[in-house]
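Right, one structure below, let's go through it.
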There are 2 protein chains.
Amino acid sequence: MSENVEFLKTNALFKNASPQFLKDASAAISVKRFDKNFVFFINSDEAQSFYFIKQGWVKLFRETLDGSQAIVDICTGGHIFGETAIFENNQYPYSAEAVEPCEIATIPLDLLKTEIETNNKFALDMMGSMARYRRQQDREIEHRALQNAPQRIGCFLLRLADQTADGGVTIQLPYDKMLVASRLGMQPETFSRALNKLKEKTGMEIKGGTIKLDDLEKLTDFSCSACSSSFPCNDLQSCK
Amino acid sequence: MSENVEFLKTNALFKNASPQFLKDASAAISVKRFDKNFVFFINSDEAQSFYFIKQGWVKLFRETLDGSQAIVDICTGGHIFGETAIFENNQYPYSAEAVEPCEIATIPLDLLKTEIETNNKFALDMMGSMARYRRQQDREIEHRALQNAPQRIGCFLLRLADQTADGGVTIQLPYDKMLVASRLGMQPETFSRALNKLKEKTGMEIKGGTIKLDDLEKLTDFSCSACSSSFPCNDLQSCK
DNA sequence: CGAGGGTTTGAAGTGCATCAAATAGTGTGG
DNA sequence: CCACACTATTTGATGCACTTCAAACCCTCG
């Protein structure tokens, strides 16, 4: 059962994990492949484990009584999810589903809990990670309130781009457009039209999920005026 | 300079504060009154202190280049603010302004930092508080995406109401309608009209900031269908 | 009482959602 | 390698919710 758990270190949260934690994790962890659309858990399920993504994309979301769905986050390699159940009476606060084939490590929550309680350095890292997530959420709320659809897309693209690039950049959408749309809180139709408007405004070239732009500044001029952060605003990794 | 700091205990975060922390705080703390519109700090200011609200309401917000403003949170007695600067390179991640005359305790961030690093129980409480805030933010994003204006107001009122009440309830808006509107991410005009629609739908009686409703269920029926939480959904206190 | 904000109401505009349908793209089995 | 099935994406037409601009009203406080 025991496995190499070195890969955990790709997540800064585990930088200061204790040898004991790594040892216990190594014994208890299980790494498996999951198909697209596999549901890891649903909102308010009793939580036993949290998950570490080695490969692939996972969608975190909540659903209302009348069937609509709100995306909480979309995570990929190096991220963990489900860990906040520790603070929620061991209930997952959202549902989690694979949006493509994934390789995922399942880890008992108890280990994490013990580590937080006994390893103060780790606890501090955990707080840092939670604070980063908070910033991301605050920004998200602000963007939904103050940016229109094309600006929101522009901002999303900027955070995918190499912001230090001087000249042109090529940006690759990380998952399909429908999912990007829901990640940004808009309909696929709106996304399509808004992306077209963005293309007109910035002269970008779009081919499938690949976007080329000869000058990043055209994008910042368009999007960043409706944002309270100043430009080099690299992505805040939520649970990374 | 030394003051009684027992009032800190009204915030659950300080339940397990160490004697040393309380002693140091007692020596370093300053409690003062501030006028309406007093600005405690602005976004990205260098942070020396965090603040504990004894009395009054404080608005936390961010502003964009083009002058719009997004409310991050609105806090009152027992809440703290500015404390997250610890995790943000000692820069405040938002601006803070009194929305009415306030009584506020100013406390050096260093004390908090030391306490987090040396008192594991305290660190755990801090994490719990951050997790609560996260839930609140997730809910906020969901509501903005899935609820319409009248529903959002209804949901806001529900969280102000005594949810265990069997028959009728009286709800008092905690601050003026313009501020409630911006807290809910809508224009004052929209708020006014949406409140009227809510009145039609639920038969509530509105007089200034006081709202009477003979049956809470009329409100839950209207608002809670577009929410992923189940009804008794008491307010998640952010920094309390 | 008068000045100044807060609040409401009206009229018009805008942006996004929705519904419908066409088109493009992808993976399947033959 | 092609044809089909299915899904993703785009485009068009229309409707609705919220915003914006403008003006009236109301309340409070000096």
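Chain naming here is simple, since letters A, B, ... match the order of the sequence lines and numbering starts at 1 in each. Since we're looking at a predicted model, the values are computed, not measured.
- For the pair A:Thr76 (side chain) and A:Gly56 (backbone), a donor-acceptor distance under 3.5 Å is present.
- Classification of the B:Trp57-B:Tyr175 ring pair by plane angle, with boundaries at 30° and 60°, yields perpendicular.
- The side chain of A:Ala149 sits closest to C:dC16 out of C:dC16, C:dT8, D:dC18.
- Summarising the geometry, the separation between CG on B:Leu146 and P on D:dC18 is reported as 13 Å, rounded to the nearest angstrom.
- One atom, CD of A:Gln187, and another, C1' of D:dT14, lie 16 Å apart when rounded to the nearest Å.
- Rounded to a whole Å, the OH atom of A:Tyr175 is 21 Å from the C1' atom of C:dT26.
- Atom CG in B:Leu184 sits roughly 16 Å away from atom C1' in D:dT19 (whole-Å rounding).
- Of the side-chain N and O atoms in B:Lys177, one or more sit less than 4.0 angstrom from OP1 or OP2 of C:dT8.
- Taking the side chain of B:Met186 as heavy atoms from C-beta on, and the options C:dT8, D:dT19, C:dT18, the nearest nucleotide is D:dT19.
- Taking side-chain N and O atoms only, B:Thr190 has no distance below 4.0 Å to OP1 or OP2 of D:dC18.
- We find that CD1 of A:Ile153 is positioned 14 Å from P of C:dG15, with the value rounded to whole Å.
- Distance from the side chain of B:Met178 is smallest to C:dG6 among C:dT18, D:dA17, C:dG6.
- Counting to the nearest Å, the P atom of C:dC16 and the CG atom of A:Leu198 are 12 Å from each other.
- The nearest whole Å value for the distance from the CD1 atom in A:Ile206 to the P atom in D:dT11 is 10 Å.
- Under a 3.5 Å cut-off, the side chain of A:Arg152 and the backbone N or O of A:Leu184 do form a donor-acceptor pair.
- For the pair B:Arg193 and B:Asp176, both in contact range of DNA chain C, the more 5′-proximal nearest nucleotide belongs to B:Asp176.
- In this entry the distance linking NZ of A:Lys197 with P of D:dT10 reads 16 Å, nearest Å.
- The base of D:dC21 sits with one of its N or O atoms less than 3.5 Å from a complementary donor or acceptor on the side chain of B:Glu189.
- At a threshold of 4.0 angstrom between heavy atoms, the contacts of A:Ala194 with the nucleic acid are absent.
- Listed for the B:Arg183 side chain is no donor-acceptor partner under 3.5 Å among the backbone atoms of B:Ile74.
- Contact check, B:Asn148 against D:dC16: no side-chain N or O comes under 4.0 Å of OP1 or OP2.
- Between A:Phe40 and A:Phe38, the ring-plane angle classifies as perpendicular under the 30° and 60° cut-offs.
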